Number of protein chains: 2
Amino acid sequence: MKENGAKERILNAAGELFYEQGYLATGINQIIEEAGIAKASLYQHFPSKDALLTAYLHRTRLHNHELRTQFLNKLAPGKDKLMGLYEYRLQHMQSNHFKGCAFIRIAYELPGLSDEAMAQIRTHSQTIRTFITEQLLVIRKNFPENELEEMADMLLNLYEGAGLQGYILKSPKPMEDTKKVVARLLDTL
Amino acid sequence: MKENGAKERILNAAGELFYEQGYLATGINQIIEEAGIAKASLYQHFPSKDALLTAYLHRTRLHNHELRTQFLNKLAPGKDKLMGLYEYRLQHMQSNHFKGCAFIRIAYELPGLSDEAMAQIRTHSQTIRTFITEQLLVIRKNFPENELEEMADMLLNLYEGAGLQGYILKSPKPMEDTKKVVARLLDTL
DNA sequence: GTCTATATATTGATAGAC
DNA sequence: GTCTATCAATATATAGAC
């Protein structure tokens, strides 16, 4: 991430503020102040605040994916790697003070989200689900198709449910408990 | 719900708009127009928009609880009633066009929620969890304490996770699939 | 491409008449 | 208690000089 360049500074400032405060609560004025540029410069690079949101979601998706993949690549495929997903989320929740998933935050804040923005959110969710499915196939190579899908959905629901409970309670406990349950569940396969 | 009375009309209008559009996207002007009252009349009954939000959450919690309880009271305690929780959420998701849980929406939209507002959201979540625990105890009266808690957490996570996936995909499928999985899970107890 | 200055609309909230 | 009229602040966005 090169620190110079107006566009980069805008994206960095907007990204932090959108995640910290939410999209609607963040004003253009606050973004340009944080980025240290003039208002007209922002509109030179982005035609509207909405376009800035779409860019934020795209950028965050790629960034989060890279960080997560870096963490998971250190683990052996199969159970270790799959458990790593929950461990990574747990660490992420604690390091960002339980501010929740950036995509879910935006999806719930803005009911009338553009198709383009919604696509970023769905792609993120799909990425997690695909990862789960892949690791399940490593654990049990001859998984019957319907059982595989069912188990993947269940693990995804537990993942998201625990994330939500942790957010509401501002506590790591739901994710910690879920990790244990999932670990035992995987041993029965 | 008496239709006359300024306060009632304000709460009805604000409730619908907050849920439909979100809190920040809803302006005071829109609320008073919908309610058919003057701006100063709103501030006669509520000192600030924030106070109106707290009242909205409290009122919605009681209202939702009553509707849900009415539905569940028709079912036999135990597995039937517990499955009714998922069925009710499924019907709710479809009838409101997948606009999501009012409490989770607010919790994600406003990271710096007041303690009073946050308490309403936590109480709602706790109410669902207590209901699940009670029905589990009907299904298996001698449930060991730690296993009971673990199963309740798991069922709550599946409930919330499926709700979230359904919201993202605007589809009943995640909740339908989860219903089936939970039904089979309860048979193993 | 970046700036200053400005435009227009809307925000949450109040004063004061009735 | 309900109203009209108005407040200061802020919202997103643009015009035009450099």
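Since the structure is predicted, the reported quantities are computational estimates derived from the model, not experimental observations. Each chain gets a letter, A, B and so on, in the order its sequence line appears, and its residues count up from 1.
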Check: Does a donor on one side chain and an acceptor on the other come within less than 3.5 Å for B/Gln120 and B/Thr54?
Finding: no
Margin query: In the structure I gave you, are the side-chain heavy atoms of B/Asn12 and B/Glu34 within less than 4.5 Å of one another anywhere?
Written below: no
Notebook entry, point to check: Heavy-atom distance under 4.5 Å between the side chains of B/Glu160 and B/Leu156, does that happen here?
Noted result: yes
Item checked: Selection from C/dT4, C/dG12, C/dA15 that lies nearest to any side-chain heavy atom of A/Ala40 -> C/dT4
Item checked: Whole-Å distance separating the CD1 atom of B/Ile32 from the P atom of D/dA5 -> 13 Å
Next item on the list: Whole angstrom is fine here: how far is it from CD1 in B/Ile28 over to C1' in C/dT14?
Entry: 13 Å
Item checked: Between P of D/dT4 and CD1 of B/Ile37, the distance in whole Å -> 11 Å
Notebook entry, point to check: Is the distance between the ring centroids of B/Phe98 and B/Tyr167 under 6.0 Å?
Noted result: no
Notebook entry, point to check: Separation of B/Asn29 atom CG from D/dA5 atom P, in whole Å?
Noted result: 15 Å
Margin query: Tell me the interatomic distance from A/Gln21, atom CD, to D/dT10, atom P, rounded to whole angstroms.
Written below: 14 Å
Next item on the list: For side chain to side chain contact (heavy atoms under 4.5 Å, CB included), just list the numbers for B/Ile106 and B/Tyr56, CA-CA rounded to whole Å, side-chain angles, deciding distance to a tenth of an Å, and then say yes or no.
Entry: CA-CA 11 Å; B/Ile106 292 292; B/Tyr56 158 69; 4.2 Å; yes
Next item on the list: Using a strict 4.0 Å threshold on nitrogen-to-oxygen distance, state whether A/Arg105 and A/Glu20 make a salt bridge.
Entry: no
Item checked: Residues in contact with DNA chain D, drawn from residues 42-57 of chain A - heavy-atom cutoff 4.0 Å -> A/Tyr43, A/Ser48, A/Lys49
Check: Within this structure, what is the CD-to-P distance between B/Glu33 and C/dT10, rounded to whole angstrom?
Finding: 11 Å
Next item on the list: In whole angstrom, give the distance that lies between atom NZ of B/Lys39 and atom P of C/dG12.
Entry: 8 Å
Note to self: Taking 4.0 Å as the cut-off, does a side-chain nitrogen or oxygen of A/Ser41 come that near to OP1 or OP2 on C/dG1?
What the structure shows: no
